[in-house]
Asks: 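Next up is a structure, given as structure tokens.
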Amino acid sequence: LILLTLLSACAPTGAKSTSGEITVYTALEDDQIAVYLPLFNAKYPDIKVNIVRDSTGIITARLLAEKDNPQADGVWGLAASSLLIADQQGMLEPYAPAGLDKIYPNFRDSKNPPHWVGIDAWFSTFCVNTVELQAKGLPMPTSWADLTNPVYKGHIVMPNPNSSGTGYLSVSAILQLKGEEEGWKYLDALHENIAVYTHSGSKPCKMAGAGETVIGISFDYRAIKQKADGQPIEPVFPAEGSGWEIEANALLKKANINPAARTFLDWAISDEAMRA
């Protein structure tokens, strides 16, 4: 998995810099940023990176609200679908970061130079607390269909699709799997079992890990990491299929594009970043 002081307005197109200050918007997880960013800081100690991190829906809304006066220099790890919306609004500056040839064609914008470049993908996953499941005598869920079983009433937490990219891709997956009419019927039935809707996609899994709920609808990275960290979490990929999305990077179109932003985007698809 992987995944700027403004310089002279006369800087040539495509110019890069190893010093300055940039603002980067991201929906990556805090613990991912804590691993990746120190690597960049060590390589480019003279570039200060101001990270603005929130859930996908919040970052997307912020970008769109700032369309006429963009505050960010770049985007790092935001849903490609969000970047498509920004691109439709003319907000992205085409940029081919160094190392682009190593990115699979279906993980990047098809334009040349691309308007966005993918770094990873994430999938909707159930985080099941096996200790709580056994204590409450509940069966292990294996599918979306299982989650509407009345035995799970009040034992499921789901991210709010209005703020969470994970919540959105899960709803989108259900509607694509079942069709609009049957999909909304299913979501109505699922709603009957939901204890709470959370702001972020990682929160349901964190709640499951802490024993605050039995099942958290979340995403693969969070479920697998929490299990690896020793929490009583079993990642479950629903039998019907998971919703999925690409996380991607982009350069914001501004009157004065900060050359250090290009340096950051080059690094963000480097071997060092991708292997971290």
Side-chain angles (χ1 to χ4, degrees), residues 1 27-32 55-57 77 79 81 120-180 182-247:
L1 183 74
L28 293 176
E29 290 289 288
D30 287 327
D31 51 6
Q32 292 177 293
S55 295
T56 300
S81 56
D120 62 44
W122 85 98
F123 301 79
S124 50
T125 308
F126 308 156
C127 297
V128 183
N129 185 308
T130 54
V131 172
E132 291 299 317
L133 192 81
Q134 184 176 10
K136 292 177 170 55
L138 299 172
M140 174 67 75
T142 62
S143 65
W144 291 108
D146 286 349
L147 297 190
T148 60
N149 186 329
V151 299
Y152 296 121
K153 187 175 180 64
H155 296 307
I156 303 174
V157 173
M158 180 175 178
N160 187 332
N162 289 310
S163 62
S164 164
T166 303
Y168 179 82
L169 69 84
S170 296
V171 169
S172 179
I174 289 163
L175 295 177
Q176 290 177 63
L177 286 165
K178 297 179 175 293
E180 289 279 330
E182 291 303 313
W184 285 114
K185 286 181 181 178
Y186 169 84
L187 289 168
D188 285 341
L190 177 62
H191 174 72
E192 294 301 312
N193 284 349
I194 300 294
V196 66
Y197 293 92
T198 62
H199 171 76
S200 75
S202 59
K203 184 67 172 178
C205 201
K206 291 176 180 177
M207 291 177 68
E212 297 173 25
T213 189
V214 180
I215 302 167
I217 299 174
S218 189
F219 57 96
D220 54 333
Y221 165 78
R222 180 51 54 200
I224 293 168
K225 186 176 190 310
Q226 287 184 212
K227 180 174 182 177
D229 288 344
Q231 296 182 22
I233 288 295
E234 183 62 33
V236 174
F237 294 87
E240 303 95 332
S242 294
W244 66 276
E245 174 68 283
I246 292 173
E247 286 186 313

Asks: List the steps and the verdict of side-chain contact (heavy atoms from CB on, under 4.5 Å) for Leu175 and Leu187.
Replies: CA-CA 9 Å; Leu175 295 177; Leu187 289 168; 4.2 Å; yes
Asks: Who pairs with Leu169 by side-chain contact (heavy atoms from CB on, under 4.5 Å), at least two apart in sequence or on another chain?
Replies: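 So Leu169 forms a side-chain contact (heavy atoms from CB on, under 4.5 Å) with Trp122, Ser124, Glu245.
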Asks: Rounded to the nearest 0.5 Å, what separation is found between the CD atom of Glu240 and the CD1 atom of Ile174?
Replies: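 The CD1 atom of Ile174 is 8.5 Å from CD of Glu240, to the nearest 0.5 Å.
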Asks: Heavy-atom distance under 4.5 Å between the side chains of Ile215 and His155, does that happen here?
Replies: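 Side chain of Ile215 against side chain of His155, heavy atoms only: no contact under 4.5 Å found.
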Asks: May I ask you to test the Asn149-Leu138 pair for a side-chain heavy-atom distance under 4.5 Å?
Replies: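 Asn149 vs Leu138: side chains apart.
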Asks: How about Trp244 and Phe219: are their ring centres within less than 6.0 Å of each other?
Replies: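 No: the rings miss the under 6.0 Å criterion.
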Asks: Closest approach of Gly209 and Ile233, non-hydrogen atoms and distance?
Replies: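 Answer, listing the atom of Gly209 first, then Ile233: N-CD1, 3.6 Å.
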Asks: Can you name the nearest heavy-atom pair linking Pro159 to Gly201, along with the distance?
Replies: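 Closest pair (atom of Pro159, atom of Gly201, distance): CB-CA, 3.8 Å.
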Asks: Once ring pair (Phe, Tyr, Trp, His ring centres under 6.0 Å) is applied, do any residues pair with His191, and if so which ones, sequence neighbours excluded?
Replies: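 Expected list: Tyr197.
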Asks: Do Leu147 and Tyr186 come close enough that some side-chain heavy atom pair is under 4.5 Å?
Replies: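 Sidechains of Tyr186 and Leu147: in contact.
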Asks: If you draw a 6.0 Å radius around CD in Gln134, do more than 12 non-hydrogen atoms from other residues or ligands fall strictly inside?
Replies: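 Result for CD/Gln134: open.
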Asks: Out of curiosity, Asn193 CG to Asp146 CG, how far, rounded to the nearest 0.5 Å?
Replies: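 Result: 11.0 Å between the selected atoms.
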Asks: Could you go through the side-chain contact (heavy atoms from CB on, under 4.5 Å) check for Lys206 and Glu212 one step at a time?
Replies: CA-CA 9 Å; Lys206 291 176 180 177; Glu212 297 173 25; over 6 Å; no
Asks: If you measure from OG1 on Thr56 to CG on Leu28, what distance do you get to the nearest 0.5 Å?
Replies: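 Answer for the OG1-CG pair, Thr56 versus Leu28, is 9.0 Å.
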Asks: Measuring from Asp188:CG to Thr148:OG1, what's the distance to the nearest 0.5 Å?
Replies: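 So the gap between those two atoms works out to 11.5 Å.
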Asks: Would a 4.5 Å heavy-atom cut-off, applied to side chains only, mark Val157 and Lys203 as touching?
Replies: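 Not in contact.
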Asks: Can you name the nearest heavy-atom pair linking Glu29 to Ser202, along with the distance?
Replies: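 So the two residues come closest at OE1-CB, 3.1 Å.
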Asks: Determine the minimum heavy-atom distance between Val214 and Ala208, stating which atoms define it.
Replies: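 Nearest pair, atom of Val214 first, then Ala208: O-CB, 4.2 Å.
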Asks: Do the side chains of Asp31 and Tyr221 get nearer than 4.5 Å, heavy atoms only?
Replies: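 Yes, side chains in contact.
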Asks: Report yes or no: does Asp229 contribute a side-chain atom to a donor-acceptor pair with the main-chain N or O of Gln231 at less than 3.5 Å?
Replies: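 A pair under 3.5 Å: no.
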Asks: Between Ser55 (side chain only) and Gly57 (backbone N and O only), is there a donor and an acceptor less than 3.5 Å apart?
Replies: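 It does not hold such a pair.
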Asks: Under the rule for ring pair (Phe, Tyr, Trp, His ring centres under 6.0 Å), what residues qualify as partners of Tyr168, not counting sequence neighbours?
Replies: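 Per chain and number, Tyr168 pairs via ring pair (Phe, Tyr, Trp, His ring centres under 6.0 Å) with no residue.
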Asks: What pair of heavy atoms forms the shortest contact from Cys205 to Arg222, and how long is it?
Replies: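 That closest heavy-atom pairing would be CB-CG, 3.4 Å.
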Asks: Are the side chains of Ile156 and Phe126 in contact, using a 4.5 Å heavy-atom criterion?
Replies: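 They are not in contact (no side-chain heavy atoms under 4.5 Å apart), so the answer is no.
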Asks: Using every non-hydrogen atom in the two residues, find where Met158 and Pro204 come nearest and quote the distance to one decimal.
Replies: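 Here Met158 and Pro204 meet closest at C-CG, 4.0 Å.
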Asks: Is there a side-chain contact between Pro139 and Tyr152, using heavy atoms and a 4.5 Å cut-off?
Replies: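 A side-chain contact under 4.5 Å exists here.
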Asks: Under the side-chain contact (heavy atoms from CB on, under 4.5 Å) criterion, do Met207 and Thr198 qualify, and how do the steps go?
Replies: CA-CA 10 Å; Met207 291 177 68; Thr198 62; 4.0 Å; yes
